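This structure is a prediction, so every number in the text was calculated from the model and none was measured. Throughout, a chain's letter reflects where its sequence line sits, starting with A, and its residues are numbered from 1.
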Number of protein chains: 2
Amino acid sequence: MSSSGDSMAQADDKGASRDTGTLGKLMVLLDLVTHADVPLRFTDILALANQPRGTLHRQLGHLVEEGLLELDAEGRYAPGLRLLDFASRSWARNEFRLIAAPHLAALHRETGETVHLGVLRGSSIIYLDKVEGHQPVRMYSQIGNASPCYCTGVGKAALSVLPRDKIEELLPGLHFNRFTSATHVNAESLLAEIREIAAAGHAFDREEHEAGIHCVAAPIWSDDRSFIGGVSVTGPAYRLSMELLQEWVVPVQVTARKIMDEMRIRLGPRR
Amino acid sequence: MSSSGDSMAQADDKGASRDTGTLGKLMVLLDLVTHADVPLRFTDILALANQPRGTLHRQLGHLVEEGLLELDAEGRYAPGLRLLDFASRSWARNEFRLIAAPHLAALHRETGETVHLGVLRGSSIIYLDKVEGHQPVRMYSQIGNASPCYCTGVGKAALSVLPRDKIEELLPGLHFNRFTSATHVNAESLLAEIREIAAAGHAFDREEHEAGIHCVAAPIWSDDRSFIGGVSVTGPAYRLSMELLQEWVVPVQVTARKIMDEMRIRLGPRR
DNA sequence: AATTAAGTTCCAAATAGTGGAATAAATAGC
DNA sequence: GCTATTTATTCCACTATTTGGAACTTAATT
């Protein structure tokens with residue numbers, strides 16, 4: 001549940017809003033309401049969205065009518081459940097996840113720790129799958145979550161295989177949020193580590209996103225780098241010592257390799 | 001995984017499209033692409049959407065740019081991963097689910113079978129949670145899925161507490177899809193069973209949606225009936241005999257009752 | 001190389017969105 | 001219980017976006 005409230009994991013570039021006309025304006029609103037962690041009243045949204053009252057009112061009305069937002073009896077707006085239906089289909093059909101699933105399970109068996117699969121979207125990592133120990137997992141608590149790329153193992157691994165020009169496009173747009181004392185807070189230190197990761201072929205996260213959580217990750221990419229993600233093994237710092245993290249480097253890399261090999265076969269080599 | 005491909009679980013009423021202007025048109029497209037079970041090419045969508053080429057092209061472009069759809073190198077459109085981020089937030093914050101979760105777990109412990117929690121949205125049941133045995137659940141395979149109301153235990157239980165006028169609004173819009181030989185295929189037989197269910201306070205599903213699957217469900221509703229859902233225990237027909245189903249009726253009803261009581265406390269009595 | 005199909009761009013006309021202001025409804029204060 | 005104040009909703013002349021037919025470009029096929 002904890003990491004669910006990461007105050008701001010920008011799902012994509014912010015500033016220069018994309019030119020998607022009416023849709024773009026509505027998506028900004030949807031983002032605003034879904035990223036808040038309590039239902040918002042009309043006036044709250046009015047303040048955040050700076051738009052004229054009339055306009056905002058109609059826009060919210062449309063979003064509600066489409067089931068993307070829900071309006072309760074007390075006049076508060078919350079994310080709508082239609083989003084779940086869309087998402088379940090998006091997830092069920094995702095080819096990358098389907099290919100990776102058995103390899104994640106194998107890695108989980110080998111390490112006994114939680115395994116994550118993530119994809120780079122804009123400057124965020126979207127978690128696509130998770131294999132966790134023992135009890136039934138509250139999956140939505142992690143899957144689908146967008147987390148920043150600069151403070152997660154998968155994120156930093158992904159950045160390490162991003163072409164130079166794409167990195168330079170992305171860096172200026174980052175808003176560094178100091179989650180812990182170990183979080184990167186500027187592009188320079190991040191870039192320096194990215195270079196080390198690129199050379200080593202694996203990334204660590206030592207309590208950069210969440211206190212007490214360690215992680216080791218390896219990147220996954222398509223030949224043309226149009227697709228970039230990563231796989232990681234995560235666990236509590238007291239259990240995943242530096243020695244143990246080091247020990248999982250190869251298994252994680254091997255898993256990433258196997259997934260990439262299978263992608264090349266199933267999705268064709270060029271991409 | 002199986003029920004994930006239910007060819008058509010209409011997420012809401014079809015025919016008379018709601019008046020949500022530009023957004024409505026785009027949502028129809030998004031629905032179209034997410035409900036297909038393979039990625040669609042431009043021409044495929046052109047045929048399904050009957051819209052002019054130019055218009056469709058721009059609309060798809062906007063959806064892609066916003067991350068709601070993804071366009072691969074071969075020119076095929078698939079659901080976008082941004083949908084996952086929205087959904088994970090929608091799910092994580094859903095109060096009904098949060099309230100129900102411990103009661104579902106208790107029911108699972110008592111019965112040892114799979115427990116589902118669903119909400120009525122339009123003429124579909126959207127599954128909000130699932131507690132399943134043993135191994136880590138592939139949650140998205142069921143959670144978030146929209147299934148028809150007329151052939152699921154939760155769906156029929158929900159209909160049984162829907163006010164008369166709402167039922168009559170809903171029935172004509174239903175498209176009965178014969179999933180098995182036991183599926184209701186017309187409003188009359190459905191309505192007759194709904195009345196029995198209303199009197200009894202519980203619903204059975206005996207292989208109406210999926211062959212070999214039995215289920216017993218009880219409705220959950222807010223005082224003003226603005227919110228309607230249900231809880232169910234599901235399992236293979238060979239194990240859940242008619243006798244055993246009968247035996248779970250009370251536990252399922254008690255669970256529903258407890259959830260409703262807690263909703264009244266936490267969300268206020270009127271709704 | 002020619003032919004067909006698939007995808008992309010263009011722009012005047014039609015439509016839908018905008019935003020300020022007025023109205024209505026709900027809350028709080030007296 | 002009435003008034004003041006905050007909050008939410010409706011209205012409509014003005015403006016911006018969407019529309020859709022056709023022309024154009026690119027890729028695949030014969």
Under 3.5 Å donor-acceptor pairs involving side-chain atoms of residues 42-57 of chain A, not counting sequence neighbours:
| residue | atom | partner | partner atom | Å |
| --- | --- | --- | --- | --- |
| A:D44 | OD2 | A:R41 | N | 2.8 |
| A:Q51 | NE2 | A:Q59 | OE1 | 2.8 |

query: Of all residues at least two apart in sequence or in a different chain, which pass the side chain to side chain donor-acceptor pair (under 3.5 Å) check with A:R257?
result: none
task: Could you tell me whether the phosphate oxygens of C:dG7, OP1 or OP2, come under 4.0 Å of any side-chain nitrogen or oxygen in B:T43?
output: yes
query: Is A:D37 salt-bridged to B:R93, going by a charged N under 4.0 Å from an acidic O?
result: no
query: Along nucleotides 9-30 of chain D, 5' to 3', which nucleotides get a B, which get an S, and which get a -, given that the test is a protein heavy-atom distance under 4.0 Å?
result: BB------SSBBB---------
query: Expressed in angstrom and rounded to an integer, what is the separation of B:E74 atom CD from C:dG7 atom P?
result: 12 Å
- request: Let me know the distance between CG of B:L26 and C1' of C:dG17, rounded to the nearest Å.
  value: 14 Å
- prompt: Is the distance from OP1 or OP2 of C:dG7 to the nearest side-chain N or O of B:R41 less than 4.0 Å?
  reply: yes
query: Any side-chain donor-acceptor pair under 3.5 Å between A:E65 and B:T20?
result: no
- prompt: Should the pair A:E70-A:R76 be classified as a salt bridge under the 4.0 Å nitrogen-to-oxygen rule?
  reply: no
query: Between C:dG19 atom C1' and A:L46 atom CG, what is the distance in whole Å?
result: 12 Å
message: If I take atom CG in residue A:L56 and atom P in nucleotide C:dG17, what distance separates them, rounded to the nearest angstrom?
response: 14 Å
field: Contact list for residues 165-179 of chain A, test salt bridge (Lys or Arg N to Asp or Glu O under 4.0 Å), sequence neighbours left out
entry: A:R164-A:E168
task: Just jot down the side chain to side chain donor-acceptor pair (under 3.5 Å) partners of A:H103, sequence neighbours excluded, or say none.
output: A:E262
statement: Overall bend of the helix from C:dA1-D:dT30 to C:dC30-D:dG1 (five pairs an end, 10° steps) is 50°
- prompt: With the threshold set at 4.0 Å, does a side-chain nitrogen-carboxylate oxygen contact exist between A:R82 and A:D85?
  reply: no
